[in-house]
Protein chains: 2
Amino acid sequence: MTKDVDASRPAGLVYDAWRGVLFATSRTLQIAEPDLIAKAGFPLTWLDVLAQLYDAADDGLRMQELEQRSLFTRSGLTRLVDRIESAGLVRREAVAGDRRGVRVVLTPEGRRRHDAAFADHNKFIEREFGRRLTEAQLQAVAEALATFWHDDEAAAKG
Amino acid sequence: MTKDVDASRPAGLVYDAWRGVLFATSRTLQIAEPDLIAKAGFPLTWLDVLAQLYDAADDGLRMQELEQRSLFTRSGLTRLVDRIESAGLVRREAVAGDRRGVRVVLTPEGRRRHDAAFADHNKFIEREFGRRLTEAQLQAVAEALATFWHDDEAAAKG
DNA sequence: AATCAGTAGTTGACATAACAGAGAGTGTTA
DNA sequence: TAACACTCTCTGTTATGTCAACTACTGATT
């Protein structure tokens with residue numbers, strides 16, 4: 001292995017932590033995705049969008065805002081919303097005063113499906129991810145990695 | 001640690017840890033991938049494969065073994081290896097004694113490109129991921145999440 | 001030696017993502 | 001009010017991954 005990494009810190013430590021994070025994510029998602037599809041009938045990408053809309057005000061979000069809060073590109077979102085819309089879970093509405101814009105809004109059906117899916121998914125994460133760590137470990141991980149989503153929230157507000 | 005989720009556990013704790021892991025991964029990958037492409041000329045999926053072959057013995061790995069050690073399906077791997085092969089970084093060779101099989105082997109060029117890419121990528125992770133955690137936090141995360149890749153290694157050997 | 005279940009890897013059809021650029025609308029400036 | 005730069009969203013093309021079906025081979029059984 002390379003020797004010229006930061007000498008003040010045990011070599012491999014960062015890499016071990018990174019590797020852990022990477023594997024925890026992929027392994028968990030790899031089983032959570034099929035589980036969600038089986039129970040809710042749609043994939044995690046849909047749940048991401050639905051959850052964003054759920055957290056937003058009743059008049060939904062513009063495509064642009066969805067883009068900022070998700071990990072998708074704009075063109076990816078157009079098509080993703082297309083699919084969710086043709087399943088009847090969201091609706092595109094005109095924006096008063098800006099004819100370029102679109103608001104994406106949860107339908108009642110979408111809200112129901114979100115609630116069920118969200119509950120199931122959380123239970124799944126509790127079981128499959130949470131089971132493998134002690135309470136102290138969960139706390140340590142949560143605290144150590146909190147910095148990564150604080151960034152996001154700052155960006156979404158700014 | 002097997003089946004029963006500890007009911008005495010604070011409600012949002014698992015979720016906060018999971019959220020941290022998720023965001024740390026996506027945020028870091030989101031910047032590491034373009035960086036690798038700019039410097040090495042290929043994406044992270046290639047580096048995964050090259051690194052597996054690098055760690056293996058000189059006669060490489062069979063598709064099957066690559067599959068177990070990566071997060072790809074077999075057909076996905078077929079195509080990934082196709083691409084890497086046509087870039088000249090790996091070579092498919094016949095397996096003595098089993099005419100169904102294929103060994104995937106690093107070419108000298110592949111080894112060189114791996115070394116450079118691996119060093120760059122590690123430095124990048126050191127900086128962008130490692131920078132945001134204290135040494136104690138790195139240690140805690142590494143230890144807490146080690147279970148997720150030990151599974152993999154066990155599976156690869158068993 | 002004929003059969004047949006199982007294994008190794010590839011291929012075809014399809015789903016979903018990204019990038020670049022198009023089309024429509026807005027608002028400011030001259 | 002014509003021109004222009006900018007914004008918002010969608011579309012065309014291409015890349016990459018999955019699932020299911022397929023070919024080729026192996027090894028055990030009869």
What is the distance, to the nearest angstrom, from the [atom1] atom on [X] to the [atom2] atom on [N]?
X: R99(B); N: dT23(D); atom1: CZ; atom2: C1'; answer: 14 Å
X: D82(B); N: dT10(C); atom1: CG; atom2: C1'; answer: 8 Å
X: Q64(A); N: dG25(C); atom1: CD; atom2: P; answer: 18 Å
X: L29(B); N: dA18(C); atom1: CG; atom2: P; answer: 13 Å
X: D48(B); N: dG17(D); atom1: CG; atom2: C1'; answer: 14 Å
X: E85(B); N: dG9(C); atom1: CD; atom2: P; answer: 13 Å
X: F42(B); N: dA15(D); atom1: CZ; atom2: P; answer: 19 Å
X: F72(B); N: dT16(D); atom1: CZ; atom2: P; answer: 10 Å

Reckon R62(B) has a side-chain N or O less than 4.0 Å from the OP1 or OP2 of dG9(C)?
yes
Tell me if the side-chain of [X] makes a donor-acceptor pair with the base of [N], cut-off 3.5 Å, by modelled atom types.
X: R100(B); N: dT7(C); result: yes
X: R79(B); N: dG12(C); result: yes
X: S75(A); N: dC19(C); result: yes

What does [X] touch in the nucleic acid at a heavy-atom separation under 4.0 angstrom: a base, only the sugar-phosphate, or nothing?
X: R74(A); answer: base
X: R92(A); answer: sugar-phosphate
X: G101(B); answer: sugar-phosphate

Residue met sooner reading DNA chain C from 5', once L80(A) and D98(A) are mapped to nucleotides
L80(A)
For G76(A) and G97(A), find the nucleotide of DNA chain C closest to each by heavy atoms; which residue's nucleotide sits nearer the 5' end?
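Closer to the 5' end of DNA chain C: G76(A).
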Specify the closest pair of heavy atoms between F42(A) and A117(A), including all atoms of both residues, with the distance to one decimal.
CZ-CB, 3.5 Å
Atom pair CD (Q137(B)) and CD (E143(A)), whose distance is rounded to the nearest 0.5 Å:
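Interatomic distance, Q137(B) CD to E143(A) CD, rounded to 0.5 Å: 5.0 Å.
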Side-chain donor-acceptor contact under 3.5 Å, R91(B) with T107(B)
no
If the threshold is 4.0 Å, N to carboxylate O, is there a salt bridge linking D115(A) and R111(A)?
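No, D115(A) and R111(A) are not salt-bridged.
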Toward the 5' end of DNA chain D, by each residue's nearest nucleotide, T78(A) or L77(B):
T78(A)
Does Y15(A) have its ring centroid less than 6.0 Å away from the ring centroid of F129(B)?
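They do not qualify: ring centres at least 6.0 Å apart.
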